[in-house]
Protein chains: 2
Amino acid sequence: MSLFLSSYENRLDTKGRISVPASFRASLSSEQFAGVVLYRSFTNNCIEGLTMSRMETLAAATDKMGVFDGTLDDLSAMLFADARPLSFDVTGRIMIPADLLAHAGITDRAIFVGRGNSFQIWNPDAFHRAQDAALSRLRTARPDFKIG
Amino acid sequence: MSLFLSSYENRLDTKGRISVPASFRASLSSEQFAGVVLYRSFTNNCIEGLTMSRMETLAAATDKMGVFDGTLDDLSAMLFADARPLSFDVTGRIMIPADLLAHAGITDRAIFVGRGNSFQIWNPDAFHRAQDAALSRLRTARPDFKIG
DNA sequence: CAGTAAATCCCATAAAATCCCATAGCATTA
DNA sequence: TAATGCTATGGGATTTTATGGGATTTACTG
C-alpha cells in the first residue's frame, strides 16, 4: 500500500457528501474494498481513517495479545465497535456519519490529513491549531530534531 | 540511491512547473515512485526534498512505536501531513504547491541544492545569503568534523 | 402498507492538473 | 564543422478532479 501523505481541504455538499482526495483514493486502488474505514479518534477531536486491509491487520494484532489484557480489550472494543466502513460513490465521495462529524466538529469543510499508513479527517481550523501546537511542543522538546 | 550533489538554478514557467535537475533525477532512477517528496523545512525558509522510499522507511518506523507515543505523534503529524508527493512529467518537471513556494519565498526562479541523501529548494538569493552566513559561522567555530 | 426521509445513481461543469509536441541551447562526437 | 543527443523551457490540447444537483431507489415509520 502506498502512503497517505499531504493534506487536502474539501467541502461537504448539501447532501453531506465529501470527496476523498484523489491521491488518497490512489493509495487505496489495490484494496479489495473500494472505500475507507472511519472511527472516532481516541486522542483527538478528529476522525481516524484506515484501509480495510489495515483493519484486518489490526484484528490479527489484537488476536496475538493476551485474552485477559483489559486495556487492550477496551481498545479493540472501541475500535471495532466504532469503525464504519464507507464505500466510495462513482466520483469518489463518501458520506461521513453525523456522529463522526460531531466528534470532529465538522460542518461544511473538512481537511483530510495524511499520516503515512493511515489518515485523519479534521475541522480545518482545529487541525491548524493542533499543528501549531505540535510544532511548538517539538521545538521545546527537541530544538534540534532532524528527519531521517 | 546515489547522492544529491551540487546546485542547479532553474526557472518556474507560467504554469508553475520547474525542471528537477537531470542529475537529481538520475539519483532517483532506481526508485519505485518516479518523483520526489517535498515539505516545508522546519528550520529554514526553504523546501526539503526526499525520496518516497525514505518516507516509507519513516512510516514503518512509526508503526513500530506505541500508539500513544506523544513525541512521535507530533513528529509524524508534522511530516506526513505536510509532505507532498510530486511525480515528474515526461520531461522531468514538477509543480511545486503554492504554499511551499510561499514558505521559501520563491517566485520565478529556484535553486536545487544537493544535501547528500536529501536536497533542498531555495529562493536563489536567500540561499546565497544563507551560504555566506554558514561559511562565516564555520570560520568562527571550526567544528571538529570527523569521517567515519 | 403508504408516506416520508435518506441514500444512491446519473449526468453536468469549471478549474486545475497532466499529456503531448515543439524548440532553443549546449555539449559531445564523428 | 556537421550531426547527434540531452536538457530546460514553452504552450496547446486533453484529462482529471472536486463539486453541484435532478432523478431514482432504498430504508424507515407509523
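Worth saying up front: this structure is predicted, and the values here are computed from it rather than measured. A note on names: the letters A, B, ... follow the listed sequences, proteins ahead of strands, and every chain is numbered from 1.
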J.: Look at the side-chain N and O atoms of B/R25 and state whether any lies under 4.0 Å from the OP1 or OP2 oxygen of D/dC6.
T.: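 B/R25 to D/dC6 OP1/OP2: no side-chain N or O under 4.0 Å.
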J.: Any idea which heavy atoms bring A/R11 and A/I18 closest together, and the distance?
T.: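 Heavy atoms of A/R11 and A/I18 come nearest at O-CG1, 3.3 Å.
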J.: Could you state the OH-P distance from A/Y8 to D/dT17, rounded to the nearest angstrom?
T.: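 Taking OH of A/Y8 and P of D/dT17, I get 11 Å after rounding.
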J.: How many Å lie between CD1 on B/I94 and C1' on D/dT9, as a whole number?
T.: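 Atom CD1 in B/I94 sits about 15 Å away from atom C1' in D/dT9.
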J.: Both B/T91 and A/S87 contact DNA chain C. Taking the nearest nucleotide for each, which residue is further toward the 5' end?
T.: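 Counting from the 5' end, the first nearest nucleotide belongs to A/S87.
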J.: Nearest-Å distance, CE (A/M95) to C1' (C/dA6)?
T.: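 Value for this atom pair: 8 Å.
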J.: Please report the closest heavy-atom contact between A/L3 and A/S27, naming both atoms and the distance.
T.: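 In this case the closest contact between A/L3 and A/S27 is O-OG, 3.1 Å.
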J.: Mind calculating the distance between CD1 (A/I18) and C1' (C/dT8) to the nearest angstrom?
T.: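 After rounding, the reported distance stands at 18 Å.
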J.: Could you verify whether a donor N or O on one side chain and an acceptor N or O on the other, from B/S118 and B/E48, lie under 3.5 Å apart?
T.: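 No - no donor-acceptor pair under 3.5 Å links their side chains.
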J.: With nearest nucleotides of DNA chain D determined for A/S19 and B/D89 from heavy-atom distances, which residue corresponds to the more 5′ nucleotide?
T.: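 Its nearest nucleotide being more 5', the pick is B/D89.
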J.: Can a donor-acceptor pair under 3.5 Å be found between the side-chain atoms of A/K15 and the base atoms of C/dT8?
T.: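 When only heavy-atom distances are counted, A/K15 does reach the base of C/dT8 through a donor-acceptor pair under 3.5 Å.
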J.: Give a yes-or-no answer on whether the side chains of A/S23 and A/Y8 include a donor-acceptor pair shorter than 3.5 Å.
T.: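 Yes, A/Y8 and A/S23 have a side-chain donor paired with an acceptor closer than 3.5 Å.
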J.: In whole angstroms, how far is the C1' atom of D/dA8 from the CZ atom of B/R109?
T.: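 The answer, rounded to whole Å, is 16 Å.
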J.: Please state how far atom CZ in B/R11 lies from atom P in D/dG10, giving the value in whole angstrom units.
T.: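 About 6 Å, once rounded to whole Å.
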J.: Looking only at side chains, do A/E31 and A/S53 share a donor and an acceptor under 3.5 Å apart?
T.: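 Yes - a donor-acceptor pair under 3.5 Å links their side chains.
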J.: Without decimals, in angstroms, what is the distance between A/D13 CG and D/dA18 P?
T.: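 One finds 13 Å between P of D/dA18 and CG of A/D13, rounded.
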J.: When you get a sec, tell me which of C/dC10, D/dT17, D/dG10 is the closest nucleotide to the side chain of B/R17?
T.: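 Of the options given, the side chain of B/R17 lies nearest D/dG10.
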J.: Roughly how many Å is it from CZ in B/F88 to P in C/dC20, rounded to a whole number?
T.: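 After rounding, the gap between these two atoms is 18 Å.
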J.: Is there a donor and acceptor pair, one atom on the side chain of A/R93 and one on the base of D/dG20, closer than 3.5 Å?
T.: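 Side chain to base: pair present.
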